[in-house]
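Treat the numbers as computed from the prediction; the structure is a model and nothing was measured.
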Amino acid sequence: LKSFPARCCQDSCPPHTSTLCAMKFAVTIAIFGLCCARQALADPVGDVLTLMQHLFDQVKEDGKAEAKAYDKFSAWCEDSARTSDHAVQTATEQKARLEARITKLTSDIEEAGTQTDDLASSLAEVEAESKKAKALREKEHEDFLEDEKELMEMVE
């Protein structure tokens with residue numbers, strides 16, 4: 001009984017609908033049994049043929065509906081996979097660009113640090129030379145004042 005519905009609709013139904021087909025077949029058999037018991041005096045062979053045809057048509061319709069739903073779901077899965085692949089590719093490219101930029105900026109930071117150190121060293125040298133020059137000017141100024149004082153004392 002379980003293999004009958006799977007065999008009867010395997011060409012028209014996707015594989016995952018066999019359970020649905022089996023349930024419909026069981027319901028149809030139950031309805032068939034009730035109908036046969038009630039209408040024992042009526043044409044039983046005709047009733048059986050009618051019920052079997054109805055079952056066949058119903059299983060075929062259900063198979064088509066399930067196939068359509070499966071196709072729709074399959075298309076959604078493919079679209080989602082393409083979208084995900086594109087998102088991963090875009091993110092990977094962006095990651096590579098950002099890593100390259102980080103590397104460049106790190107190099108720029110190191111270069112700026114070296115330049116800062118060089119400038120600080122140069123500034124220290126300039127300040128030291130400036131102090132020496134100032135001290136020399138002060139000494140020369142003192143010498144000048146002394147010389148001027150001596151000259152003024154001589155002139156007086």
Remaining members of hydrophobic cluster (4.5 Å side-chain criterion), Leu145:
Phe144
What residues join Trp76 in its hydrophobic cluster, counting side-chain heavy atom gaps under 4.5 Å, either direct or through other members?
Phe73
Partners of Leu98 by side chain to side chain contact (heavy atoms under 4.5 Å, CB included), sequence neighbours excluded?
Gln94
For Lys149, enumerate each residue passing the salt bridge (charged side-chain N to carboxylate O under 4.0 Å, His left out) test, keeping only those at least two apart in sequence or located in another chain.
none
Would you compute the distance between atom CG of Leu55 and atom OG1 of Thr50 and round it to the nearest 0.5 angstrom?
12.5 Å
Under a single-linkage rule joining Ile, Leu, Val, Met, Phe, Trp and Tyr whose side-chain heavy atoms are separated by less than 4.5 Å, which residues share a cluster with Leu123?
none
Residue pairs passing the salt bridge (charged side-chain N to carboxylate O under 4.0 Å, His left out) test with at least one member in residues 75-87, sequence neighbours excluded, are Asp79-Arg82
With sequence neighbours excluded, what pairs up with Glu148 under the salt bridge (charged side-chain N to carboxylate O under 4.0 Å, His left out) test?
none
Under the side-chain hydrogen bond (donor to acceptor under 3.5 Å, both in side chains) test, which residues partner Gln53, sequence neighbours left out?
Asp57
Check residues 127-134 and write down every donor-acceptor pair under 3.5 Å in which the side-chain atom is one partner and the other belongs to a residue at least two apart or another chain.
none

Report the distance from atom CZ of Arg97 to atom CZ of Arg101, rounding to the nearest 0.5 Å.
11.0 Å
Sidechain-backbone polar pair: Ser74 side chain, Tyr70 backbone, donor-acceptor under 3.5 Å
no
List, one per line, each side-chain donor-acceptor pair under 3.5 Å for residues 111-118, sequence neighbours excluded.
residue : atom : partner : partner atom : Å
Thr114  : OG1  : Glu110  : O            : 3.0
Thr116  : OG1  : Ala112  : O            : 2.8

Are Leu105 and Asp108 packed together at the side-chain level, in the sense that at least one heavy-atom pair is separated by less than 4.5 angstrom?
yes
Who passes side chain to side chain contact (heavy atoms under 4.5 Å, CB included) against Gln89, sequence neighbours left out?
Glu93
